[in-house]
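The structure presented is a predicted model; accordingly, all values stated were derived computationally and were not measured.
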Amino acid sequence: MAETVLRLREVGVAYRTPAGSVTAVSEVSLAVPAAGITVLAGPSGSGKSTLLRVLSLVERPTRGAVELRGRGTTGLSARARRALRRTEIALVFQNPSDNLIGHLTVGDNLRAAAQAAGRPAAVDEVLDRLGLPGTAGWKVSALSGGQQQRLAFGCALARGASVVLADEPTSQLDAASADLVLDTLRDLADGGVPVVVASHDPRLISLAHTRFDLRNGALAA
């Protein structure tokens with residue numbers, strides 16, 4: 001049996017609203033392999049972004065269990081969950097600027113990410129891997145949107161994250177910038193870093209080694 005990095009067991013997420021309880025995710029069970037690219041696919045409102053937040057330990061499910069490399073996480077304290085996110089899990093958001101510290105240089109963003117996880121910063125090595133050599137002293141604003149997203153994935157590498165998750169990482173980018181991100185996802189997977197992506201971008205979905213389709217908060221049959 002293939003090794004699993006993340007597992008959901010009968011996970012449900014519901015929110016209280018003035019109109020009553022609204023179910024965003026219903027009874028989802030899935031296993032994310034510890035290799036390759038896993039895509040959560042589905043239209044807007046299908047629950048894929050909610051599920052990604054649960055997988056990344058940002059959001060605690062209303063019911064069910066979340067496991068990271070076989071370890072249960074739903075009963076952990078908020079502090080313990082933050083510690084796991086800092087050292088084991090990297091989450092990349094849709095908007096490139098939301099992933100980086102804007103007043104720091106490219107190199108300082110990588111150093112800050114490594115320091116947060118208690119690791120040494122191999123800035124030049126990471127930038128070479130990202131195809132961004134020589135940019136360590138640049139301001140983040142000097143990078144294109146696609147390059148900023150690449151740098152966000154580079155911060156995940158600098159932290160030594162066990163798994164990288166990304167929510168619609170190409171949705172705010174033009175085609176050329178999106179190509180840079182697709183190349184980075186392939187590079188991460190080829191380098192042994194498992195990647196989980198929530199997306200409805202057909203080009204990104206085509207990269208999936210494992211795919212889960214969501215409809216109305218549940219796995220599609």
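A salt bridge between Asp179 and Arg203 is present, with a side-chain N of the basic residue lying under 4.0 Å from a carboxylate O of the acidic one. Ion pair Lys48/Glu168 flagged as a salt bridge, since at least one NZ, NE, NH1 or NH2 atom sits closer than 4.0 Å to an Asp/Glu carboxylate oxygen.
The backbone N or O of Ala80 sits less than 3.5 Å from a side-chain atom of Ser77, completing a donor-acceptor pair. For the pair Gln149 (side chain) and Phe93 (backbone), a donor-acceptor distance under 3.5 Å is present. One N or O on the side chain of Asn109 and one on the backbone of Ile101 form a donor-acceptor pair closer than 3.5 Å. For Arg159 (side chain) and Ala114 (main-chain N/O), no donor-acceptor pair under 3.5 Å exists by modelled atom type. Checking side-chain atoms of Thr4 against main-chain N and O of Ala31 turns up no donor-acceptor pair under 3.5 Å. Side chain of Thr23 to main chain of Val25: no donor-acceptor pair is present (N/O by atom type, distance under 3.5 Å, no hydrogens or angles). Between the side chain of Thr62 and the main chain of Ala14, a donor-acceptor pair closer than 3.5 Å is present.
The minimum heavy-atom distance between Val196 and Leu55, with the atom names listed, is CG1-CD1, 4.2 Å. Summarising the geometry of Arg81 relative to Leu57, their closest heavy-atom pair is NH2-O, 3.0 Å, with the distance given to 0.1 Å. Considering all non-hydrogen atoms of both residues, Gln148 and Ser97 come closest at OE1-N, 3.7 Å. Closest non-hydrogen pair, Pro169 versus Leu204, comes out as CG-CD1, 3.9 Å. The shortest non-hydrogen separation linking Pro133 to Asp128 is CB-OD1, 3.2 Å.
For the 3.5 Å distance criterion, the side chains of Arg150 and Thr184 qualify, holding a donor opposite an acceptor. No side-chain N or O of Glu10 forms a donor-acceptor pair with one of Ser29 less than 3.5 Å apart.
Note: Asn99 CG to Leu151 CG = 9.0 Å, rounded to the nearest 0.5 Å.
Across Val195, Thr210, Thr38, a single residue satisfies side-chain contact (heavy atoms from CB on, under 4.5 Å) together with Val32, and that is Thr38.
Taking hydrophobic clusters as Ile, Leu, Val, Met, Phe, Trp and Tyr residues chained together by side-chain heavy-atom distances below 4.5 Å, Leu143 shares a cluster with Leu110.
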Evaluate side chain to side chain donor-acceptor pair (under 3.5 Å) for Ser162 paired with Glu88, printing each intermediate quantity in order. CA-CA 5 Å; Ser162 296; Glu88 300 287 338; 2.3 Å; yes
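With a 6.0 Å radius and a threshold of 12 heavy atoms from other residues, nucleotides or ligands, Asn216 has its CG atom at or below the threshold.
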